[in-house]
Structure formats: C-alpha cells, structure tokens
Amino acid sequence: MGELESGRKYGLKTRLVRGGLKRSENGETSEALYLTSGFAYDNPETAEARFKGEDPGYTYSRFANPTVSMFEERMALIEGSPVARATATGMAAVTTALLCHLRQGDHVIAARAMFGGCRYVVEDVLPRYGIASTLVDGCNLDAWRAGVKPNTKVLFLETPANPTLEIIDLRAVAEIAHAAGARLIVDNVFATPVLQRPMEFGADIVVYSATKHIDGQGRCLGGVILCDKKFLDDHLQIFMRNTGPSISPFNAWVMIKALETLDLRVRAMCDHASAVADALALGPKVSRVIYPGRADHPQAELARAQMSLGGSLVSFYLDGGKDLAFRFAKALKLIDISNNLGDAKSLITHPTTTTHFRLTPQARAELGITDGMMRLSVGLEDPADLIDDLQQALNSL
Ligand SMILES: *Cc1c(COP(=O)(O)O)cnc(C)c1O
C-alpha cells in the first residue's frame, strides 16, 4: 500500500513524495530509518549466499542499507535514471564518478567554470594518477571539440556554473562526447532535478551535492551519482563497496524527507530569486546582474531550453573592489554571510575570497570572478524583506 507500481508513469511531485518507499511489516507512514552498520543472518548459509550475490538481502551498510536504498531509488525515479548511488558528500560523488572508471593514460576535458573542489580534483588529483585534463571555456563548443584526443574518456561540466551562472549546451556537448567515444558527466547542483534533467539531453552520468537544495535546510552533507545499470555493474558498485564513500543512513533519511518538499522549495526560491535579480538590477552600485531567468542573460534562450526556471542563485557585480564588497556583506542584516547555497536561508558569498580563493588571479579573471562579484543564494524568506535588506545595504555604501 502506498508504494509506487513499477512500470507506471507518475508525475514528478508523486515521485518526490513516494518514490522508493518500501514499508516494513509495521506499515509505518514515514520512511523507516535503519540506523545500523551491519545485518545479522539466520544461518551461515544465508551469509554465504548474500556475499555470493545469490540472496538479495543486506550485508553491511558500506555496501547497501535499506534507508539509503530508498533515497537512491527516489533519486533515480526523479531524474529518470536507471539507477542511483548515494555518497557521503557531493565531492565524494564527483571523485567517485571520475575515479571508478578512469585509469592511467586517460584524458578528461572539463569546463573551467566549476565548483572549486571539482576543479581541484580535475586539475590536481587526476594528473597525479596519470589522468591528464584539459580545461576549456564551456560555452565555446569549438573549444570542447578541439580538446578531444584519442584517449579522451570523460567530458565534465556544471550548468549553470558556479559562480558565473553561465549556461552550457548539454545536448551539443553530449554529442561531442559520444562522437569521441567518451562519457558526459554533469554536476547538476545549481539547477536541481526539478529544473533540469541532463540525461534528457544526452548526459551519461549526473552528480549532485545533496547538501545543497536537496537537503535545503542546512543539516546534512550528502551526494548522489546517477547512471545506467552497466556503468553501475562494471565500475561504480565495486569501487564504492571497497573504497567507502557511502552516506550515513541517518543523512539519507534526512534527504528522503527533504525530497518530499523539493519541488515546492525550489519553485518558491526561483520566484524569489527572479524578483531579487530584477530589484538588484535597478539598485545603486550594481554594475551587472547575472540571472539565467532574465532576458539580459547572455544565454537566456539556452537557459530557457534546458531549465524550466532561472534557478535560485543570482550573481552580481558591485561597482568597486574587495573593500566595497566586504562593506556590503557586513551591512546586510537578514542575509547571512556563508559559502553554502541552496538553503532555506538566503546566503551571500564573496567568491574571490572563499569558494574560488584557491584559483590564481589570472584564472579568476578568465572566469569573470572579480573582487566586486557577489553570489547570492536566494532562500525562502519573504522576497520583499530580502529586497529591503539588499537595498539598505547598497544604500549604505
Ligand atoms: C557544493 C557543491 C559540490 C560539493 O558538494 P559537497 O556536498 O559540499 O561535498 C559540488 N559541486 C557543486 C556545484 C556544488 O555546489
């Protein structure tokens, strides 16, 4: 009762609330939290059969756990992906999705505008193991094409990208990847599965930091890898079992409950972000606002084609440098200074000194990350209060 029938098509909201639900014999309304590291067997024959894969039961929570399985199944149903595996963090998802199948001598092309941790993995970690990487301007399709080598195995991107909110053409890059015999991996954190499902455009693997909008309430770290069954069987499953980036059942349970409201939260955040972006564009001391839902976004048309709404993040340039940016952040009374995003609480970030601090000044300049750039993650507060807060801070400068 109450579980989704397999093979039947349900709407996104239904999948968010009931996808993967598997009730125990007690018939609990909410998903059960199996906070256990291991499982006991009735007899050694069962243990043997489980390790051989002849009995589908659970063995150890590093391999699989009933609560984690519910979260994974719900994520797969939401994304329209054959399977999903949850990880302890978003970075564990990214690192695992790359390392589980790449080997010495392989080559990766990645869009240079990406989350700081992802860029570190691609630029610094992979080359240590003999996996070369090339960073390209993700919006330039010729740069992707020119980057392809005979040993290219992965194209990796994030759209909208952090913090520049540039939009990359998923379908076009997927075609380039497949023509080269490579896989396209998309970090879909900024769009969330509510706004954009990269597999519909040809992506092979999608990764999330569930820490962001999926939890969306600042409680737990988590990540997800979505892929096809063959990739899971050939690479991901055995790598995860033996290297251990598994999520805690408790965190998976928090994520399951959070997914129930993901659509409502993301839509409200997008409404608020759109209003905030329009107000900021009229504000004093703001030279430019970047929001994928605005007509003046350089790739507004592509954003509309790939995403159902503009997202919850707004970036903008203050007319000045670090000093002005810091004075602005300190003048905010409601919006918190934080490097996180996708939270119910609105959060302001100064990328130059935090998330993108590790990049060289030249790398930041290439991306358009200046000392006056701010990234705002718009939350669920009353948008009029957010706009008031931003305006009083701008007026104080
Ligand atoms: C936060 C984030 C990550 C990393 O996720 P964690 O859960 O913090 O490890 C990866 N990619 C993007 C785009 C992110 O915003």
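Note that this is a predicted model, so its numbers are computed, not measured. Just so you know, ligand 1 is whichever comes first in the structure, and atom 1 is the first atom listed for that ligand.
Nearest-residue assignment for atom 15 (O) of ligand 1 (options K212, H213, M91; heavy-atom criterion): K212. With distances taken over non-hydrogen atoms, the option nearest atom 11 (N) of ligand 1 out of D187, I214, V189 is D187.
Residues M269 and L380 form a side-chain contact, since some pair of their non-hydrogen atoms from C-beta on lies under 4.5 Å apart.
Of the N or O atoms in G90, one or more lie within a sub-3.5 Å distance of an N or O in ligand 1.
In terms of protein heavy atoms, atom 4 (C) of ligand 1 is closest to F115 CE2, 3.5 Å.
Put simply, no part of A92 is less than 4.0 Å from ligand 1, judged by heavy atoms.
With no hydrogens or angles considered, a side-chain donor-acceptor pair links Y58 and S69 at under 3.5 Å. Using a 3.5 Å distance cut-off with no hydrogens or angles, the side chains of N188 and Q196 do pair a donor with an acceptor.
Those atoms of ligand 1 with a heavy atom of E158 less than 4.0 angstrom away are 13 (C). Counting atoms of ligand 1 from 1 in the listed order, those under 4.0 Å from a heavy atom of F190 are 15 (O). Near G222, the atoms of ligand 1 lying under 4.0 angstrom from a non-hydrogen atom of the residue are 7 (O).
Checked for salt-bridge contact, K52 and E48 meet the test: a charged N lies under 4.0 Å from a carboxylate O. Salt bridge status for D106 with K153: present, with a side-chain N to carboxylate O gap under 4.0 Å.
A cation-pi contact, defined as under 6.0 Å to the ring centre and within 45° of the axis, links R241 to F63.
Counting heavy atoms under 4.0 Å from ligand 1, residue M114 does not touch it at all.
Checking K230, Q237, H235, K229 one by one against D233, the side-chain hydrogen bond (donor to acceptor under 3.5 Å, both in side chains) holds for a single residue, K229.
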